[in-house]
Enquirer: 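Take a look at the following structure, please.
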Amino acid sequence: MRRMTARPANAHQARLLRLLRDGGPNSRAQLGDQVDLSRSKLAVEVDRLLETGLVVADGLAASRGGRRSHNIRLAPELRFLGVDIGATSVDVAVTNAELEVLGHVNQPMDVREGPVAIFEQVLAMAAKLKASGLAEGFDGAGIGVPGPVRFPEGVPVAPPIMPGWDGFPVREALSQDLGCPVMVDNDVNLMAMGEQHAGVARSVQDFLCVKIGTGIGCGIVVGGEVYRGTTGSAGDIGHIQVEPDGRPCACGNRGCLEAHFSGAALARDAEEAATSGRSPELAALIEAEGFEGRLSAADVAAAAAAGDAAALELIREGGNRTGQVIAGLVSFFNPGLVVIGGGVTGLGHTLLAAIRTQVYRQSLPLATGNLPIVLGELGPTAGVIGAARLISDHLFSPA
């Protein structure tokens, strides 16, 4: 069983590894065009990487005149594990070194069961992917959790929707169980990294990625890098107040965005609309034979698509409140793009239109004149690709 034991010896080698990760196989000549190295220095660094086994020769490149250059690529046997733990489900995927998803499994799960039970399931899902022949082992793993993380230690800190997780040594525990290096981050940061690597934010250096699921958070990317803040809590926008003396929130305050519009709040409001008689479509869903559990964002979307006025109003109200918060972020940060993702994005363009209306109305024209506000492209794979990107960033850095 092979393990990635080598690390880049310097910043030049780290840069070459990341270029090969993000751009795929490339010739020495083309790599030379992208790094500030003389031809001889580049040759030395590439040869050293070839000796480590992190990169391998990959045939001859197309001729650019004169002798043809050799292509090189990241070692094809490298494998990363991406784990995206949400409040109600977990996604686990295996990628190659270029972060292409080779296998992906999803399972419903309640994060409130606590870390021990959740990680038993994660390890079982990882073992299933290994057993399918996709990986002999993992060279590294990235883990996303739905709450604030003290990033250097890989430890969740007082996450409001994750009882039992406060201070749990996720990085240390999973590193022992998986037998490889592990990095841990907030799930919204990983979603942003996934959309940046392979989704709608590929060419954008400064953007916001808002995830609306059971909770609400925002990944902040500045100059191509995730900004986490001093303690790792940057982007916790679900606890910005939108309603003075509003609903009580799980964080202990009142009137937070998350208390008024998130997966959990939407389910509660949808059920109230159904039982009060305001929404015939949602009432029919509750009464339908075999209906189990709570109403979901998908149910509200279905009712809205059928023209249900109460469902449409719930979506517009939530979009207006979310847009109100995003407008403040846009005025402060001046991003080049706002990405909206998460389970509630199943509400689609009604939600997006409400958010856009508020942002374009409230923020200054200089900030919004060329500002796209779009849905994410990758859906549930954004988090696992971002998780793989997180661990590859760590391993493709000088030790």
Side-chain angles (χ1 to χ4, degrees), residues 4 18 21-22 74 78-109 111 115 118-135 137-147 149 151 154 156 170-171 174-175 177-178 180-202 209-215 217 219 221 226 339 341-343 345-346 375-396:
M4 179 177 163
R18 293 183 187 202
R21 176 195 67 189
D22 297 341
L74 292 170
L78 289 174
R79 293 290 182 268
F80 299 133
L81 186 71
V83 179
D84 185 16
I85 299 168
T88 57
S89 66
V90 64
D91 288 86
V92 179
V94 176
T95 78
N96 62 12
E98 288 150 12
L99 310 190
E100 296 167 334
V101 174
L102 306 178
H104 181 184
V105 289
N106 168 277
Q107 197 164 304
M109 204 171 293
V111 76
I118 297 298
F119 287 134
E120 277 182 12
Q121 290 296 325
V122 167
L123 292 170
M125 293 165 79
K128 181 180 176 183
L129 289 167
K130 278 170 69 173
S132 69
L134 293 172
F138 305 112
D139 295 286
I143 317 289
V145 297
V149 172
F151 184 68
V170 175
R171 182 178 181 180
L174 271 186
S175 183
D177 288 333
L178 291 168
C180 65
V182 169
M183 294 293 286
V184 184
D185 203 350
N186 174 266
D187 62 340
V188 191
N189 289 342
L190 297 189
M191 181 177 135
M193 293 171 79
E195 291 289 350
Q196 181 186 26
H197 182 81
V200 73
R202 274 185 294 268
C209 186
V210 179
K211 182 176 183 179
I212 310 172
T214 304
V221 177
V226 170
V339 182
T345 52
L375 296 177
E377 277 183 357
L378 300 179
T381 60
V384 290
I385 292 173
R389 166 90 177 231
L390 175 72
I391 189 62
S392 68
D393 277 348
H394 172 67
L395 295 174
F396 293 167

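Residues: numbered from 1 along the sequence shown. Note that the structure is a prediction, hence the values are computed from the model and not measured.
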Enquirer: Is the backbone of Gly147 close enough, under 3.5 Å, to the side chain of Asn186 for a donor and an acceptor to pair up by distance?
Expert: yes
Enquirer: Would you call Leu378 and Ile385 a side-chain contact if the rule is heavy atoms closer than 4.5 Å?
Expert: yes
Enquirer: Rounded to the nearest 0.5 Å, what's the gap from CZ on Phe396 to CG on Asp22? Could you check?
Expert: 9.5 Å
Enquirer: List the atom of Pro146, the atom of Val111, and the distance in Å for their closest heavy-atom pair.
Expert: CG-CG2, 4.3 Å
Enquirer: How would you list, by chain and number, every residue that makes a salt bridge (charged side-chain N to carboxylate O under 4.0 Å, His left out) with Asp185, sequence neighbours excluded?
Expert: Arg228
Enquirer: Do you know the tightest heavy-atom contact between His394 and Arg171?
Expert: CE1-NH2, 4.1 Å
Enquirer: Under a 3.5 Å distance rule, please check whether Asn189 uses its side chain to pair with a backbone N or O of Gly219 as donor and acceptor.
Expert: no
Enquirer: Before you tell me yes or no, could you show the steps for Val226 and Phe151 under side-chain contact (heavy atoms from CB on, under 4.5 Å), namely the whole-Å CA-CA distance, both residues' side-chain angles and the distance that decides it to 0.1 Å?
Expert: CA-CA 12 Å; Val226 170; Phe151 184 68; over 6 Å; no
Enquirer: Check whether any side-chain heavy atom of Val90 sits under 4.5 Å from a side-chain heavy atom of Asp84, and report yes or no.
Expert: no
Enquirer: Considering only NZ, NE, NH1 and NH2 on the basic side and carboxylate oxygens on the acidic side, decide whether Asp393 and Arg21 come within less than 4.0 Å.
Expert: yes
Enquirer: Donor-acceptor pair, Glu195 side chain versus Ala382 backbone, under 3.5 Å?
Expert: no
Enquirer: Kindly say whether Leu99 contributes a backbone atom to a donor-acceptor pair with the side chain of Arg389 at under 3.5 angstrom?
Expert: no
